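As a basis for the values below, the full set of heavy atoms in this structure was taken, side chains included, without hydrogen atoms, waters or symmetry mates. As the structure is a prediction and not an experimental result, all values here were calculated from the model. A, B, ... follow the sequence lines: proteins, then strands. Residue 1 opens every chain.
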Amino acid sequence: MKITFYPYDFDYKLKNGKVLVYLYSKLNDGTKVCVVEQHQPFFFADLKNFDKTEFIQRLQTLSLASQPEPAKVISFEEIEKELIGEKKRFFKIYANYPKAVPILAKEIQSWGIECYEKDVLFIHRYLRDKFFLPMTEIEAEGQYLPDSELCVPKFIASSLRQKSPHTTSWKILAIDIETYSLHKEIDFKNNPILMVAFYGLNEQNEEVRKVITWKKFPANEKYIEIVENEKELLLAVKKTIQEYSPEIITGYFSDGFDFPYLKARAHHHKVTLDLGLDHSELIAGTQGDFREGEAKIKGILHIDILKFIKYIFGKNLKTDSYSLDNVASELLGHQKHIVDLDSLAAVWDRKPELLEPFCAYNLHDARLTYKLCDKLLFDIIEFCKIVGLPLFDVIRMRFSRLVESYIMKRAMDHNVLAPNKPGDDEVDRRMEESIQGGFVYQPTPGLYKDLVVFDFRSLYPTIIVSHNIGPESFRREPCLQKKSVPEKEEYWFCQDQRYFLPLVLEELINRRAEIKKEIKKTASEQEKKLLEARSYALKILANSFYGYLGFFGARWYSLECAASTTAFARYYIKRTIQKGEEKGFKVVYGDTDSCFFQLESKNVEEALNFLKEINAELPGQMELEFEGYFPRGIFVSIKGREQGAKKKYALLRENSTMKVTGFEAVRRNWSLLAKEVQQEVLRLILLDKKEDAVIYVRTLVKDLKQGKIPLFKLVLKTQITRELSQYNAVNPHVLIARQRVQKGERIAPGTIIEYVLVKGSGLIRERAKIPSDVKEGEYDPSYYLYHQIIPAVSSIFSVLGYKEDEIFSDTTQIGLGKFF
DNA sequence: TACGGGCGGGG
DNA sequence: GTGTACGCCCGTA
C-alpha cells in the first residue's frame, strides 16, 4: 500500500545487522506514523598511488573490534567524483553500521590513504542521498507492521519518493517551568520545580492552557492543576505531553534549562521520563552542565526557539539581549508579566495564597514561547528545505554550518565530494591567519550639502560569482583565461570554466531573484509569506558565503578566496570613487561597499547617469545602486584629532528624518539626557539651525544648573558582571550595589544598577546615589555637563568651528567654580 | 597589547 | 552520537 506523510524527526536503529532509518511523521489525518527504511552507511577513499589489488584484499579481510559488532566493509565500488575541481576515481566503501565508518576510515587512513565524508552524520547522509526535504510531503510504498516497539504505527517502506515540497500544519506544545530559587541561585539538585506551564492549540484551534503545581492554595483559574508533590508533578507533566501528543515541543532555553532541570528532578525522584515514541527517555544534559547539550525526545521535535533566534534570526533584531522579555517585545509586541520572581520562594514557603500571579506569569511565558515558535516556524522550515537537514539540527546551527550544509546538499547534484574538516593543528594554523577587510575613505570633518549615496548590491556575493572565485579556480593550471586579483600579483582565478563553489552561490542568488519576482506577482498573502521566508533564508546563506570561505572550521576553507574577494571590493569602490571625482563629484566618504558624493554644481539626474555608466562597466552580477539623495550630512572628527572619524556620521533625508550611524548616543551607560542632546543638536545642525542648536544647548545647560532636568533623564545604568566581592576597582555602580545589599537586597551578576550623581565633594563613586533616594535639586549639574553633555556634542560643534568654551562659556565658569 | 577565563539564556 | 559551541567581554600580566 501507499501512504503520504510529513517526516519531522529522524532516528536510526540497528536491527538484526540491518541499519534502519526511522522517520517520525505526521499523516494528513493528523495522526502519527513511523516510516522505517533500510539504508547503508558509506564513505570514500582516495587511493592515489596505493596498489589497488592489495587495497581490495585488505578491505575484504578488514574487521576491527567494536560494539555492538566488529566494524566491517560490506561492499565497495569505484566511482568518479570531483574534489576541489579535480575529477577522479574514488573507492566508495560501505560499512556494516554508522559507527563503523569512523573506525574503518581511521584504519584505512593509517595505511596512508585519505578518506572523505567519514564524519557526516548518518541521518544527514541519508537525507542527502535520498534528496528528501524534512517537514514536506513524501510518499512511501510498503506496509504497516504490527509491533509494540513504538507508541505509533510502524510502516515498513520498500520505496520512498519526495512527493511535493509542501509542508503541513504542525501541533505545537510550549512548556515553561518555574523553580524554587533563593537569591537567583539555580540549584537543580536541591531546589524543586514548583510549577510547569503548557500552552498550545487543539485541533479546533482552541487554546490549551495548563499550569501544574504542587502547593495547596485556593486557585481561581481553571487552568491551574494542583498535585500532591513534585514527583506527582513530574508524572503529570509526562501525562500532559503524552495526551496532547504534539509533533513539536518548544521552550525558551529549554536545551539548557527546562529539560535538563526536569531530567535532574526526575532522576532525584526516580521517575522515568520515557516520553520518546520508541519508549526511550528524555535525553538532556544533567550534572550541572546546563550549557552543553541538546534536549531530545525521540519522535517529538524539540525546538529550543532561543537557539534559532540567537544563531540565525537574532541578527535581524535590534535587541542586544536574547532574553524572552526583550525578544518577545520586539517580535510579538508583548512583554512578560511583571511579577517579583525573587519572592516566589518566600511566597511558596509562607504565603501560598499569593501564588496565583506566579501561575499566570508561568503560563504567560509558555504562551510567549508558543507564539515565537509559531511565528518563526515558517522561516525555520524554509531553512530546513533549503539545506535539507532535520529541523532539530538546523535551528542549532550557526551560519557557517548552515552554509556548509547547503553546499553539501548542492554537492550531491554536482557529484562533488566534500573536503575534510580541518584537524586541531589545521584549525590552530587557520586561526593565526587574517585578511585585509574593506576600504574606508577617511572623511574630512564638516557639514555637507547635497549628498548622494551609492552602494553595491550584495557586494561580496556578486564579486565571488562575477570573478569565478573559489578554491577550484584559484591558480588552476592549465588555464587560458586568467583573472588576476588587484593588489595581489601572485593571485589569479581561472575563467575557462565555471566551478562548483561560485556556481552554488550563483544558483543561490538567481533563485532568490526568481522568488523576488514571484513575490511581486502573487496575490495570496499566505504564498507571499512563504516566499518571503524562502527569500530571507537564501539571502542569509548568500551573505554568509564570503564569511564561510574565511571561517577556520570550513571544509571549503580558502583564505586566498576570502582575501581576493575583499581585494576586488576595495578595487571597485576605489575605482567608483575615482570615476566620480573625474566626473566632477566631490567625494566625501566611502566604506566597503558605499560611497558618498557631494553634488556641488551637479544635480541628482547627473548622479543617476553616473550610476548607469558605472554599471555598464561592471562585470556579471555586480551592480551599483542609488541609495538616496540627502540634503545635508555631517561628519565629525576623531576625538582630539583633525582626522574624520570612520563609520560615524548623520544624514538628513528629504522628509527631514535622520539616518544616524556610529554616534554613541545609543549606548547604555549614557544618560537619556546625553542621548537627547546629541540627537537634537544633530537634528538642528542638519536643518541649518546652527544658532538654534547653540541656544538649545545653552538653555538646556541653564536648566540643568537650576535643577530643572527630570531625574529619569539623569539615571546612569551599569551592569554588575560578577559577584560583588570579586570587584577590586570600586566603581560607582559597585558601591551602589553594595549599599543595596546592606539594605537586604541580593544583587547577582547581571543586575543593572541605576544611579544618579549628586552634588558634594570627594570621588565620583562617593557621590553616586540610588535614584529613588535623590532629592529634588540634589543632582550634580557639573558632572552631567562635563561627563555627559559636553562629550556628547563637542565633536559636533567643533565641526562648525565652535570651540567648547564658546558654547559653554558663561556656564563653564560656574561649573569650574564648583570644582575648585 | 596579548592571553585566559567566563558568560550567555534560565529562576 | 559517523559527537564535543563560539564569539564577545573583562581583567590581569
Side-chain angles (χ1 to χ4, degrees), chain A residues 11-14 19 40-44 66-67 71 93 95-106 115-126 175-188 191-195 251-262 283 285 289-296 304-307 309-311 314 319-327 336 339-345 348 358 361-362 365 369 393 396-401 420-421 424 427 431 547 551-553 719-723 726-729 731 746 748-750:
Chain A
D11 190 23
Y12 76 88
K13 290 181 196 288
L14 300 183
V19 188
Q40 212 59 43
F42 59 84
F43 62 104
F44 298 90
S66 182
Q67 289 301 323
I93 300 164
N96 49 345
Y97 60 98
K99 281 176 183 147
V101 168
I103 299 166
L104 293 168
K106 198 179 168 198
C115 294
Y116 294 93
E117 300 196 358
K118 57 198 175 352
D119 51 4
V120 177
L121 296 182
F122 180 61
I123 290 300
H124 295 190
R125 168 94 277 159
Y126 168 81
I175 184 170
D176 182 52
I177 70 169
E178 306 298 330
T179 66
Y180 189 92
S181 167
L182 288 170
H183 316 309
K184 302 171 198 289
E185 260 160 5
I186 286 163
D187 181 349
F188 62 92
N191 291 338
I193 295 172
L194 305 181
M195 49 185 79
Y252 203 82
F253 196 43
S254 39
D255 265 347
F257 184 72
D258 302 71
F259 283 118
Y261 215 115
L262 281 164
I283 301 161
D289 69 322
F290 281 88
R291 334 232 72 266
E292 305 291 318
E294 300 163 345
K296 198 167 190 136
D304 181 346
I305 196 67
L306 165 68
K307 284 264 161 75
I309 292 166
K310 192 163 128 186
Y311 295 156
T319 173
D320 52 0
S321 150
Y322 293 130
S323 65
L324 178 57
D325 203 16
N326 283 342
V327 171
K336 290 184 40 146
V339 297
D340 180 18
L341 211 47
D342 293 339
S343 65
L344 172 57
W348 180 268
F358 291 95
Y361 168 89
N362 191 196
D365 272 11
T369 306
D393 300 321
R396 290 170 175 81
M397 284 178 175
R398 259 68 94 233
F399 287 115
S400 54
R401 289 287 166 228
N420 282 328
K421 284 187 199 166
D424 290 346
V427 167
M431 282 168 79
F551 168 59
F552 58 79
Q719 194 176 30
I720 293 288
T721 53
R722 57 171 105 161
E723 288 305 324
Q726 301 296 306
Y727 279 96
N728 294 322
N731 295 324
R746 155 89 194 166

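- Contacts of A:D187 classified as side chain to side chain donor-acceptor pair (under 3.5 Å), with partners at least two apart in sequence or in another chain: A:N190.
- Between B:dG11 and C:dC6, the two C1' atoms lie 25 Å apart (nearest whole Å).
- Every residue meeting the side chain to side chain donor-acceptor pair (under 3.5 Å) condition with A:K13, not counting sequence neighbours, appears here in chain and number order: A:D278.
- Partners of A:R401 according to the salt bridge (charged side-chain N to carboxylate O under 4.0 Å, His left out) rule, which considers only residues two or more places apart in sequence or in another chain, are A:E404.
- A search for side chain to side chain donor-acceptor pair (under 3.5 Å) contacts involving A:Y12 returns nothing, not counting sequence neighbours.
- Separating the CG atom of A:D325 from the P atom of B:dG10 is a distance of 9 Å, rounded to the nearest angstrom.
- Residue A:Y12 is classed as a sugar-phosphate contact, given heavy-atom separations below 4.0 Å to backbone atoms only.
- Atom name P, nucleotides C:dT4 and B:dC7: the rounded distance is 24 Å, in whole Å.
- Ranked by how close their nearest DNA chain C nucleotide is to the 5' end, A:P102 and A:F552 are led by A:P102.
- Distance from the side chain of A:F253 is smallest to B:dG9 among B:dG9, B:dG11, C:dG1.
- With C:dA5, C:dG1, B:dG11 as the candidates, the nucleotide lying closest to the side chain of A:I186 is B:dG11.
- Distance from the side chain of A:K310 is smallest for B:dG8 among the nucleotides C:dC6, C:dT4, B:dG8.
- Distances were taken from every side-chain heavy atom of A:R398 (C-beta onward) to each of B:dG11, C:dC6, B:dG10; the shortest belongs to C:dC6.
- Of the candidate nucleotides C:dT4, C:dA5, C:dG1, C:dA5 has the atom lying nearest to any side-chain atom of A:Y311.
- Partners of A:D304 under the salt bridge (charged side-chain N to carboxylate O under 4.0 Å, His left out) rule, at least two apart in sequence or in another chain, do not exist in this structure.
- Checking B:dG11, B:dG9, C:dG7 against every side-chain atom of A:K184, the shortest atom distance belongs to B:dG11.
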Strand DNA chain C in bracket notation, Watson-Crick/G-U under 3.5 Å with | for pairs to another chain: .....||||||||
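- At a threshold of 4.0 angstrom between heavy atoms, the contacts of A:I103 with the nucleic acid are absent.
- Base orientation at B:dG9 is syn, since its O4'-C1' glycosidic dihedral falls within 90° of 0.
- Closest contact between the side chain of A:L121 and the listed nucleotides B:dG10, C:dG1, B:dG11 involves C:dG1.
- Side-chain atoms of A:Q40 come within 3.5 Å of backbone atoms of A:A95 as a donor-acceptor pair (strictly under, hydrogens ignored).
- Closest of all the heavy-atom pairs between A:Y261 and A:N191 is OH-O, 2.8 Å.
- When distances run from any side-chain atom of A:F257 to the nucleotides B:dG11, C:dC6, C:dG1, the shortest one goes to B:dG11.
- At the heavy-atom level, A:R396 lies nowhere under 4.0 Å from the strands shown.
- Among B:dG11, B:dG9, C:dA5, the nucleotide with an atom closest to any side-chain atom of A:L341 is B:dG11.
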